[in-house]
Each structure stands twice: as structure tokens, then as C-alpha cells.
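Everything on this sheet refers to the single structure shown next.
Just so it is clear, the model here is predicted, and its values are computed rather than measured. Sequence positions, counted from 1, serve as the residue numbers for this chain.
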Amino acid sequence: MNKTIETNQVIELIRFEVAPQLADSFLESRSQVDEFVKTLNGHIATEITHVNETEWLMLIRWADDVALKAAQVQTASAAVINEWISRHATFISAETLVVKYVA
């Protein structure tokens, strides 16, 4: 597979606290959120990783800062996202990073 890595991607890092008994449901119900996010302009990929017993980290890759800012406006009021978080997790923090790839 030949993939071109775009320069200047923007990554959102979002941390959640999830009770261990809700972890399976947290991941399984994410599919509806993923379908919504995939429709947003500039979305490249989303990854979720388990950091420790209760903390999860979500990395969302965006084509650029413009796409990120537009998506943040849309996702802030998206019922599918707000319902997913309210049922399964507590929001901890969010950060953004600009990725620069050097050949």
C-alpha cells in the first residue's frame, strides 16, 4: 500500500475517563460517532487507545487547522457525540497539535 503523508496535519488529542465496567460499551457505541465524524470535511482518521485503567486517549487527524475548527463547531452540538460521552465517559481535556513531516 502506497500512502502519501500530508504535511501540516492537525491532531486533536482528547482524554476521557471511562469506568472499567463501561469500557466495552464505550468502544462498541463509538461506531455511530465514527460514521458522523467521517462525513466532516478534512477528517483523516480517528484512533482510540487505552492509557490506563480508567483513562482513554482519542487522536483525531484533520487535514488542516481550517478543517479542525469547522469540525469543532459541528461536533460541539452533535447529539450523537454528546450522547456517547454522557453515557460512557467524563471529558478530561483536549489539545491540538500541528504535525510537520520531514522527508
Side-chain angles (χ1 to χ4, degrees):
M1 178 183 350
N2 185 11
K3 280 196 160 188
T4 302
I5 298 176
E6 299 294 327
T7 59
N8 300 328
Q9 289 181 1
V10 176
I11 298 178
E12 269 185 294
L13 300 174
I14 302 174
R15 291 184 182 274
F16 296 103
E17 184 174 342
V18 179
Q21 66 272 20
L22 295 176
D24 288 342
S25 179
F26 173 74
L27 293 173
E28 290 167 5
S29 61
R30 176 70 196 175
S31 63
Q32 292 175 331
V33 174
D34 288 337
E35 291 305 313
F36 170 73
V37 173
K38 287 176 187 177
T39 68
L40 300 177
N41 215 11
H43 176 261
I44 296 171
T46 300
E47 302 164 44
I48 297 177
T49 187
H50 197 189
V51 177
N52 59 42
E53 185 180 345
T54 61
E55 193 171 328
W56 292 76
L57 178 65
M58 185 165 52
L59 292 88
I60 309 169
R61 296 179 183 274
W62 299 99
D64 53 38
D65 195 45
V66 172
L68 166 70
K69 289 178 182 172
Q72 286 175 332
V73 170
Q74 293 176 299
T75 58
S77 61
V80 67
I81 293 173
N82 292 321
E83 289 170 10
W84 174 67
I85 294 170
S86 69
R87 283 184 297 186
H88 300 98
T90 302
F91 172 83
I92 297 174
S93 67
E95 300 173 52
T96 58
L97 306 167
V98 175
V99 179
K100 299 201 183 273
Y101 293 98
V102 179

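Linking Ile, Leu, Val, Met, Phe, Trp and Tyr residues whenever their side-chain heavy atoms come within less than 4.5 Å places L22 and I48 in a single cluster. Hydrophobic clustering (ILVMFWY, side-chain heavy atoms < 4.5 Å, transitive): I92 and W56 are in distinct clusters. Side-chain heavy atoms closer than 4.5 Å link hydrophobic residues (I, L, V, M, F, W, Y) into clusters, and following such links, possibly through other members, connects L97 to V51. When hydrophobic clusters are built by joining Ile, Leu, Val, Met, Phe, Trp and Tyr residues whose side-chain heavy atoms come closer than 4.5 Å, directly or via intermediates, V37 is not grouped with V66.
For D64, the CG atom counts as densely surrounded, since its 6.0 Å shell holds more than 12 non-hydrogen atoms of other residues, nucleotides or ligands. Within a 6.0 Å radius of CD in E47, other residues, nucleotides and ligands contribute more than 12 heavy atoms.
The shortest heavy-atom contact between G42 and A67 is CA-CB, 3.8 Å. The nearest pair of heavy atoms linking E53 to H50 is O-NE2, 3.5 Å.
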Apply side-chain contact (heavy atoms from CB on, under 4.5 Å) to V33 and R30, showing your working. CA-CA 5 Å; V33 174; R30 176 70 196 175; 2.9 Å; yes
Can you give each donor-acceptor pair under 3.5 Å made by side-chain atoms of residues 10-20, sequence neighbours left out, with the distance rounded to 0.1 Å?
residue: E12; atom: OE1; partner: W62; partner atom: NE1; Å: 2.9
residue: E12; atom: OE2; partner: Q72; partner atom: NE2; Å: 3.2
residue: R15; atom: NH1; partner: E55; partner atom: OE2; Å: 2.6

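When the options I44, L68, D65 are evaluated for a side-chain contact (heavy atoms from CB on, under 4.5 Å) with Q9, the one that passes is I44.
R87 contributes atom CZ, which lies 7.0 Å from atom OG of S25 (distance to the nearest 0.5 angstrom). Separating the CD1 atom in I81 from the CG atom in D34 is a distance of 9.5 Å, to the nearest 0.5 Å.
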